J.: 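Supplied in C-alpha cells, the structure appears directly below.
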Amino acid sequence: MSCTAKGLFFLQRQRPKAGPGRTGAFGLLLHVNTDTSTGAREAYAALWKGADAEAFWRANEDRLTPGQPLELELRDLRAGHTGDRPGNIVTHIAAEIVSCRLMPRSTEVPRPGAAPEIATKSAARADAVGAPSY
C-alpha cells in the first residue's frame with residue numbers, strides 16, 4: 001500500500017534545501033505544516049527530485065519563505081525523525097512530492113486541526129496512473 005496526501009500546506013521557518021543529491025540528481029527538500037493556526041500541526045519533510053523540482057526552485061526561490069502556501073500532492077508518506085540524541089529528536093511525516101504549486105498568500109487558512117486529504121492505494125495503481133518513479 002502507498003499512502004498519499006493532497007492539499008494546502010504552509011512552509012515552516014526552516015529554509016528549503018536545494019541541490020544535487022548523492023546520485024547527482026537535483027533535489028528540493030521542503031519543510032511544511034498542514035495548519036498555521038494555533039491548533040495542532042502536522043509537520044512534513046517533503047522531497048522533490050528531478051528537472052521539474054529544479055525548474056520550480058529556480059523560478060520561485062525568493063518566494064519560498066515561512067508561511068508561503070503551497071498546493072502539494074505527496075506520496076509514500078511514512079514516519080520520520082531527525083536528530084541524534086534525546087531531547088534533540090524531531091518527528092515528522094516524510095514524503096515524496098508528486099506536484100507542487102505556489103498559492104497566493106491570501107489563501108484562506110483551514111480550520112484548526114484540518115488535515116490534507118489522505119488516501120491509500122497500491123503502489124501498482126500509483127505507477128499505473130503515471131506517478132513519477134524515483
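Note that the coordinates shown come from a computational prediction; the quantities given were computed from them, not determined experimentally. We're numbering straight along the sequence, starting at 1.
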J.: To the nearest 0.5 Å, what is the distance between CZ (Arg75) and CD (Glu96)?
T.: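 CD of Glu96 is found 5.0 Å from CZ of Arg75.
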J.: State, to 0.1 Å, how close Pro104 and Pro69 come at their nearest heavy-atom pair, and which atoms those are.
T.: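 Looking at all heavy atoms of both residues, the closest pair is O-CG, 3.4 Å.
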J.: Please identify each residue that fulfils side chain to side chain donor-acceptor pair (under 3.5 Å) with Arg101, with sequence neighbours left out.
T.: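 Listed in chain order: Glu71.
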J.: Could you grab the distance from atom CD of Glu42 to atom CD1 of Ile93, nearest 0.5 Å is fine?
T.: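 Result: 4.5 Å between the selected atoms.
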J.: Shortest non-hydrogen contact from Trp57 to Pro16?
T.: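 The pair with the smallest heavy-atom distance is CZ3-CB, 3.8 Å.
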J.: Considering the options Leu30, Leu47, Leu29, Val32, which one meets the side-chain contact (heavy atoms from CB on, under 4.5 Å) requirement together with Ile97?
T.: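 Option passing the side-chain contact (heavy atoms from CB on, under 4.5 Å) with Ile97: Leu30.
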J.: Between Ala95 and Leu74, which heavy-atom pair has the shortest distance, and what is it?
T.: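 Taking every non-hydrogen atom into account, CB-CB, 4.0 Å.
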J.: If you round to the nearest 0.5 Å, how far is CZ of Phe9 from CG of Asn33?
T.: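 The CZ atom of Phe9 is 10.0 Å from CG of Asn33, to the nearest 0.5 Å.
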J.: Please identify each residue that fulfils salt bridge (Lys or Arg N to Asp or Glu O under 4.0 Å) with Arg58, with sequence neighbours left out.
T.: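 Arg58: salt bridge (Lys or Arg N to Asp or Glu O under 4.0 Å) contacts with Glu54.
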J.: In Å and rounded to the nearest 0.5 Å, what is the CD to NE2 distance from Gln14 to His31?
T.: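 Taking CD in Gln14 and NE2 in His31, the distance rounds to 3.5 Å.
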J.: Quick one: OG on Ser99 to CG on Asp52, what's the gap to the nearest 0.5 Å?
T.: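 Ser99 atom OG to Asp52 atom CG measures 10.0 Å (nearest 0.5 Å).
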J.: Are Gln68 and Leu102 close enough, and set up right, to give a side-chain contact (heavy atoms from CB on, under 4.5 Å), and what steps lead you there?
T.: CA-CA 8 Å; Gln68 173 62 51; Leu102 281 174; 3.6 Å; yes
J.: Return the minimal non-hydrogen interatomic distance between Tyr44 and Leu77, and the atom names on each side.
T.: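 Tyr44 and Leu77 have their closest heavy atoms at CE2-CD2, 3.9 Å.
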J.: Indicate the atoms forming the closest heavy-atom contact of Met103 with Leu70, along with that distance.
T.: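 That closest heavy-atom pairing would be CG-C, 4.0 Å.
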J.: For a quick test of your reading: what N or O donor-acceptor pairs under 3.5 Å do the side chains of residues 59-66 make, sequence neighbours left out?
T.:
residue: Asn60; atom: ND2; partner: Phe56; partner atom: O; Å: 3.1
residue: Glu61; atom: OE2; partner: Arg15; partner atom: NH2; Å: 3.0
residue: Thr65; atom: OG1; partner: Arg105; partner atom: NH2; Å: 2.4

